[in-house]
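Just below is one structure, and these are the notes that go with it.
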Amino acid sequence: QFIDQPINTDSNAFEYRILGKDLCGNDLISDVHTNTLLRGTQPEAYSASLNFTDYLGWQNGVSIYQYHRLLTDKTPYEWYYDALESNTAYFDNGLEHFTQCYRVKATELGGTNEVTWSNEVCFNYEPVVFAPNAFTPNNVGPNDSYFVVAGSFKTINLAIYNRWGEKLFETQDINVGWDGTYNGKPVSQGVFIYSLDYTSYDDTPYRQKGTITLLK
C-alpha cells in the first residue's frame with residue numbers, strides 16, 4: 001500500500017504503475033492506472049457545467065460513470081445522474097441548495113464491483129427570495145396561506161406583525177405558511193408587516209421587510 005501526498009487532485013489527473021523485478025532481475029511493470037479528473041464551471045448564476053476524464057487501467061474498461069451530489073448540511077453523497085452518452089453535463093439546479101458538491105463514480109466492467117471516485121467539485125449559490133404582497137385565506141385556493149418563495153438560502157426566518165407591532169406568526173421552515181390566523185382565530189382583512197431574515201452559504205446575513213395585504 002502506498003499513499004501519495006500531498007497532491008492536488010483538483011488540477012491534474014495522475015497516472016500510476018508498479019515496477020517490480022522477478023528472481024532473475026527482470027523488470028515486471030503493471031498496467032498504467034489513471035484517475036478520473038472532474039472539472040466544473042458556473043456559466044450562469046444558478047447552473048453547473050461539469051466534465052470529467054476517463055478512468056484508465058481496468059482491463060475490461062468502465063461499465064458506467066455516475067455523478068453523485070452532496071448538499072452541504074443536508075445530504076451525503078447520493079446518486080444524481082448517469083453519464084451514459086457524454087463526459088459532460090449541465091445542471092440548472094442552483095436554487096435547490098446553497099452549496100452543492102459533485103463527484104464522479106466509475107464502476108469496472110465485468111461484474112467485479114471495483115469502483116473509483118473522482119475529485120470533488122463544489123458550487124456556492126447566492127440566495128434568492130420572493131415575498132408576495134397579498135394572499136386570500138378564504139378556503140377557495142390557491143392563495144389560502146402566505147408562503148415565501150426562496151432558494152439557495154442557508155437559514156431563513158419569517159415573522160409577520162400587525163400594525164401595532166404584535167407578532168402574529170413566525171417560522172424557520174420555508175414549507176410552512178401563515179394561514180391568516182392568530183391564536184387559532186382568523187384575523188381581520190387589512191395590511192400586515194413581514195420581516196424576513198436569511199443567510200447565504202458563507203453566513204452573510206440579509207434582511208427584507210415589506211407589507212402584506214390580507215384579502216377576504
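The shown structure was predicted, so the numbers you read here are calculated from the model rather than taken from an experiment.
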Does atom CD of Q59 have more than 12 heavy-atom neighbours, drawn from other residues, nucleotides or ligands, at distances under 6.0 Å?
no
Please find the pair of heavy atoms, one from F130 and one from P132, that lie closest to each other, and give the distance.
O-CD, 3.6 Å
Looking at N87, T34, L37, V62, which one forms a side chain to side chain contact (heavy atoms under 4.5 Å, CB included) with D54?
N87
Members besides Y194 in its Ile/Leu/Val/Met/Phe/Trp/Tyr cluster (side-chain heavy atoms under 4.5 Å)
V129, F135, Y146, V148, F153, I156, L158, I160, L168, F169, I174, V176, W178, Y182, V187, F192, L196, Y198, Y206, I212, L214
Over all heavy atoms of both residues, which pair between P43 and T41 is shortest? Give the atoms and the distance, please.
CD-O, 3.3 Å
Looking at N93, is its backbone amide N or carbonyl O close enough to the side chain of Q100 to form a donor-acceptor pair, meaning the two atoms are under 3.5 Å apart?
yes
With a 3.5 Å distance limit and no angle check, can you tell me whether T136 reaches the backbone of N138 through a side-chain donor-acceptor pair?
no
Test F91 against Y67 for ring pair (Phe, Tyr, Trp, His ring centres under 6.0 Å), laying out the working first.
CA-CA 11 Å; F91 302 127; Y67 288 95; 5.7 Å; yes
Rounded to the nearest 0.5 Å, what separation is found between the CZ atom of R103 and the SG atom of C122?
10.5 Å
Verdict with reasoning, Q42 to Y125, per side-chain contact (heavy atoms from CB on, under 4.5 Å)
CA-CA 10 Å; Q42 194 173 326; Y125 299 105; 3.7 Å; yes
Indicate whether the side chain of D197 and that of N157 have a donor and an acceptor atom separated by less than 3.5 Å.
no
About how many Å separate OH of Y161 and CD of E170, when rounded to the nearest 0.5 Å?
6.0 Å
May I ask you to test the S152-V128 pair for a side-chain heavy-atom distance under 4.5 Å?
no
T155 and T199 side chains, donor-acceptor separation under 3.5 Å:
yes
Find the distance between OG1 (T211) and CZ (R163) and round it off to the nearest 0.5 Å.
12.0 Å
Y46 and E44 side chains, donor-acceptor separation under 3.5 Å
no
Distance-only side-chain donor-acceptor flag, T99 / N124, under 3.5 Å
yes
Is a donor on one side and an acceptor on the other found under 3.5 Å between the side chain of N119 and the backbone of L38?
yes
If you group Ile, Leu, Val, Met, Phe, Trp and Tyr by side-chain heavy-atom gaps below 4.5 Å, do F52 and L56 land in one group?
no
Can you tell me how far OG1 of T116 sits from CD of E108, rounded to the nearest 0.5 angstrom?
10.5 Å
Measure the shortest side-chain to side-chain distance between F2 and I18 over non-hydrogen atoms and say whether it is less than 4.5 angstrom.
no
Please answer whether the main-chain N or O of N51 pairs with a side-chain N or O of R39 as donor and acceptor at a distance below 3.5 Å.
no
Do D27 and K21 have side-chain heavy atoms sitting under 4.5 Å apart?
yes
Counting N and O atoms only, with roles assigned by atom type, does the side chain of S63 sit under 3.5 Å from a partner on the main chain of T107, one being a donor and the other an acceptor?
yes
So H68 and Y80, side-chain contact (heavy atoms from CB on, under 4.5 Å) or not? Walk me through it.
CA-CA 5 Å; H68 282 63; Y80 188 68; 5.8 Å; no
May I ask you to check whether over 12 heavy atoms, not counting those of K74, lie within 6.0 Å of atom NZ?
no
Report yes or no: do Y55 and H33 form a side-chain donor-acceptor pair below 3.5 Å?
yes
Consider only side-chain heavy atoms of I, L, V, M, F, W and Y, link residues closer than 4.5 Å, and tell whether L95 and Y102 are in one cluster.
yes
What pair of heavy atoms forms the shortest contact from A106 to W58, and how long is it?
O-CH2, 3.6 Å
So do the side chains of F123 and L50 get within less than 4.5 Å of each other, counting heavy atoms only?
yes
Give the cluster check for V104 versus Y81: same hydrophobic cluster or not, with ILVMFWY residues linked at side-chain heavy-atom distances below 4.5 Å.
yes
Do any N or O atoms from the side chain of D82 and from the backbone of L84 form a donor-acceptor pair under 3.5 angstrom?
no
Judged by modelled atom types alone, do D173 and T171 share a side-chain donor-acceptor pair under 3.5 Å?
no
Flag yes if F98 and Y77 sit in one hydrophobic cluster, no otherwise; membership is Ile, Leu, Val, Met, Phe, Trp, Tyr, and two members link when side-chain heavy atoms are under 4.5 Å apart.
no
As an exercise, state the distance from OG1 of T36 to CZ of F14, rounded to the nearest 0.5 Å.
13.5 Å
Hey, what do you get for NE2 (H97) to NZ (K154), rounding to the nearest 0.5 Å?
9.0 Å
May I ask you to decide whether R17 forms a salt bridge with D31, counting only side-chain N to carboxylate O separations under 4.0 Å?
no
